[in-house]
Amino acid sequence: MAAQPDYIIEMLHITKEFPGIIANDDITLQLKRGEIHALLGENGAGKSTLMSVLFGLYQPEQGIIKKNGKEVKIKDPNDATELHIGMVHQHFKLVDVFTVLDNIILGAETTKLGFIQRKEARRRVEELSERYGLKVDLDAKVEDITVGMQQRVEILKMLYRDNEILIFDEPTAVLTPQEIEELMATMREFAKEGKSILFISHKLNEIMEVSDRVTVLRKGKCIGTVNTKDTNQQELSNMMVGRPVQLVVEKGPAKPTDVVLEVRDLKVPSHLHKRDAVNGVSFDVRRGEIVCIAGIDGNGQTELVQGITGLDKVSGGSIKLCGQDITHSTIRKRNENLSHIPEDRHKHGLILDFTLEQNMVLQRFREHPFQHGGFINNAEVRKYAERLIDKYDVRSGQGAVTVVRSMSGGNQQKAIIARELDRDKPLVVAVQPTRGLDVGAIEYIHKQLVAERDAGQAVLLVSLELDEVMSLSDRILVMYEGEIVGELDPKKTTAQELGLYMAGAKRQGKGEKA
Amino acid sequence: MKRNRLVTLYNMDATRTVLASLISILIGLAVGSVIVLIVGMSSSNLSAKSTWEGIRLVLFGILSTGRDAAGSLTFGFNPTSVGNMLFRATPLIMTGLSVAVAYKTGLFNIGAPGQYLIGTMASLMLALGIPTETVPAGIVWLIAFLGGMAAGAIWGAIPGLVKAYLNINEVLASIMTNWIAANLVTWAFDVSNFKNVVESTKSAYVYKTTFNGVETPKFGLDQLFPGSQVNGGIIIAIVIAILMYVIMTKTTLGYQLKACGSNRHAARYAGIKDKQSIVMSMAIAGALAGGGAALYYLSGNTEFYWSTYQSLPDTGFNGIPVALLAANNPIGVIFTGIFMSMLDIAGVQLTALTPFNEYITDVIIATIVYLSAFSLVIKMLLNGRKKHKAAKAAATEESGAETTSGEVAAEEAGKIPDEAPDGTDAQPAAEGKPPEDGAPEKGGEAK
């Protein structure tokens, strides 16, 4: 293929092998100047590997990379930076205890006689931040700012280095709907200015909305590149998964019975400020229904769940689970009647350095038959783990003895889901259970949650994704600033109306707030 | 076929760990030999012959049987040396276990010297304070041993409590409790009446426990190694090591402590009491160090130099290299503990038979202390290719790629990986050194 001048980056016939697996098999990706090019694929399809090759983290066995028609060698990220290639990683690479400004200039500091010229740097960053509407607080420490702002810091880092090829690795996974909107607008702005964007995602609606062209990868192979205009979500998801995928959750009407969880006037203190993050919340969850807490991130959902599950102490109100008052019970006591799919799977959900089988019995290691006379019965643990792995299709390198850290995010999440659902408790608390997962896995998890409901369990779902809220729940409770501002029926409401409640523009009942 | 099996063996993680430790030891011995060589060549008092003898003693001191009639070194099985080696290994194994068990549960126990001192105080006071006229000596021994462990446990629990409830790093808290222990023990013996004033030059020593008729049973080991100080303590230490191995790998307690050590948040989420677990880990570590002190001083033939307020016992700090060389495996600690005390014996032989002094072996030990921190690096080098490949294979799964690329980017930006606040890595090993350097006098020396 002759080099065409309108391609700024060409990755031609890239093959990257790892022992036992071909991560990228003869993949060709051509990026036009000023376009937003989406890279779509399931977890493990080779998207990140391909981008790592472009960013100089891996050397391909075969294939070449061209910039503006000229072959280039990218041996490490410094080469990539020199070629003005920048990347926003899915997990940000920021120094938590540095200020935003210091993070942006880190590694590209302007110095005079060895002193950092912060004033000059500040002027440049402020200018960039204003031009693109990327609001950041330059003097705040990274650990104190929201995930959305951290991402803006990462973007400013790329701009500060005059990058013209911007790689976004699943940038929306951690953002709220509003922040996603802003990001999309920013990306379009960049494209208009002639910057070229590679956008890794497995969220079809975002790809449809923002990209010009899409390249689909599946199991390391390039399935094809299509113009976004000429395709639709269903076609893309079929290309990605290799089989027709149900994008809409299929479920019958809910048949709610007894109340399982009774929350009354609950108050949970905040970690960030002195006020209560959850401020007088009351609701019930009954057997046989999926109740969803909707809301923009940071409106008290996390604290609500931590109050219910016992990770945080509550400052007022009461919680009843299966008729027992658990307001001040230990976590272990609460675990007797609830399963919890936690928001942060690395912090709470898994012990990454333990094996898969050890993680499968995280709550149950004291139970019979896993424990006998204070000793752990490894044979039983293995048997149990293998059953779960099989039943829930958890994929890993070495099966039950795989160290969880080495597993893909999707499979880590599946392991948690397997562990929690198999404990078979009356209440399932699921917090963003599909975050960062691909359509195939999402379809699977949704089915599992509906199956739990149909088996007569109560499901309390916390989700930031409007689509998920609308399609999965039987009842929606909208949280805004620590309070429940509305209860909606997903069949009778629209995403727009829900959005108004989430943004605080609308509220039901007590209108005490001015 | 056979080759394949060798390759599999080489690829096993355990093999590499052992290999890495052996390499550190070999480098340590090589450095020791080179130092003997340099000293020998630069000193006019030393002939080439005695330099060569020095090197032989550094390497094979444990087998030295003195000199024959012709004046040349003889080697062979020396029961006295072997017995003394086992005797000196006993407290090292215990402090090694103390560090290793804490490390397995995510804690760096640099407080072993303090726990050892407190254990010393408790067991000596109990062994000398309870009159054997009324209580049988065997019972007194048991009370003193358990008392030493209990006192160590309490001393270890303090940094544990401080960490669990106030989130203060256990390394800082342990360093402080070490010096508090040194002063406390000095004061306690100063006001006590256990001072050995029978021999006028010995006012800063505490009576041997045989003064009260208390000593560790020999279990027949004195028959096996005649003329040595060996006693049943080594057997007790080995049994405890095996016990710790079983507890850490096979029991729910071990699971719980390890879970809490590798991810406190997830342990809490699962209903494990994280604060209790941290205190428990440190208490166990303290009990092991305290028990080590009890086994050493209850032997009956050791005197304790109590004026220790300006130094901390080497045995406590040497637990760190013992544990690191053993890759924190309780069973491995038995062997590395014995190895470290073997070097000690080599030093004694060196002093006795050549113009060199035992400080050469201190240099070797110091080299190994530093290298034991490097043994993780050596393991990484051995793993180098394999690990690289594995990481890349994992990278085909999306999250794997994040971690690897993350590391690279972190290095690039000079950033500390985010695990740092929670996990204690191997680096503090080097920090274990300075106080030792500043301690010219040895805490309690065998007489």
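Residue numbering restarts at 1 for every chain, and letters A, B, ... go by the order of the sequence lines.
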Atom OH of B/Y245: over 12 foreign heavy atoms under 6.0 Å: no

Among A/Q363, A/R366, A/K347, A/R332, who wins on heavy-atom pairs under 4.5 Å with chain B? A/K347

Which atoms of A/E336 come close to chain B, meaning under 4.5 Å heavy atom to heavy atom: side chain ones, backbone ones, both, or neither? neither

Quick one: does B/N263's side chain have a donor or acceptor within less than 3.5 Å of a partner on A/G349's backbone? no

Between A/F354 and B/K258, does a side-chain contact (heavy atoms from CB on, under 4.5 Å) hold up when you go through it step by step? CA-CA 9 Å; A/F354 272 21; B/K258 280 190 293 183; 3.8 Å; yes

If the condition is side-chain hydrogen bond (donor to acceptor under 3.5 Å, both in side chains), which residues does A/R364 pass it with, not counting sequence neighbours? A/E367, A/Y384

Assess whether atom CZ of A/F98 is packed by more than 12 heavy atoms of other residues, nucleotides or ligands within 6.0 Å. no

Run the side-chain contact (heavy atoms from CB on, under 4.5 Å) check on A/L311 and B/Y269 step by step: do they pass? CA-CA 7 Å; A/L311 288 171; B/Y269 152 88; 4.2 Å; yes

What is the minimum heavy-atom distance between A/L350 and B/A266, and which atoms define it? O-CB, 3.6 Å

At a heavy-atom separation under 4.5 Å, does A/L352 approach chain B through its side chain, its backbone, both, or neither? neither

Nearest 0.5 Å, please: how far is CG in A/N377 from NZ in B/K250? 11.0 Å

May I ask you to list the residues in residues 272-281 of chain B that approach chain A closer than 4.5 angstrom, counting heavy atoms only, ordered by number? B/I272, B/K273

Side chain / backbone / both / neither for A/F365 at chain B, heavy atoms under 4.5 Å: both

Picking from B/T249, B/T251, B/L253, B/V246, which has the most non-hydrogen pairs under 4.5 angstrom with chain A? B/T251

Contact part of A/Q358 toward chain B, heavy-atom cut-off under 4.5 Å: side chain, backbone, both or neither? both

Relative to chain B, which segment of A/R345 carries a heavy atom at a distance below 4.5 Å: side chain, backbone, both, or neither? neither

Closest approach of A/I331 to B/R268 (non-hydrogen atoms, all atoms of both residues): CD1-O, 3.2 Å

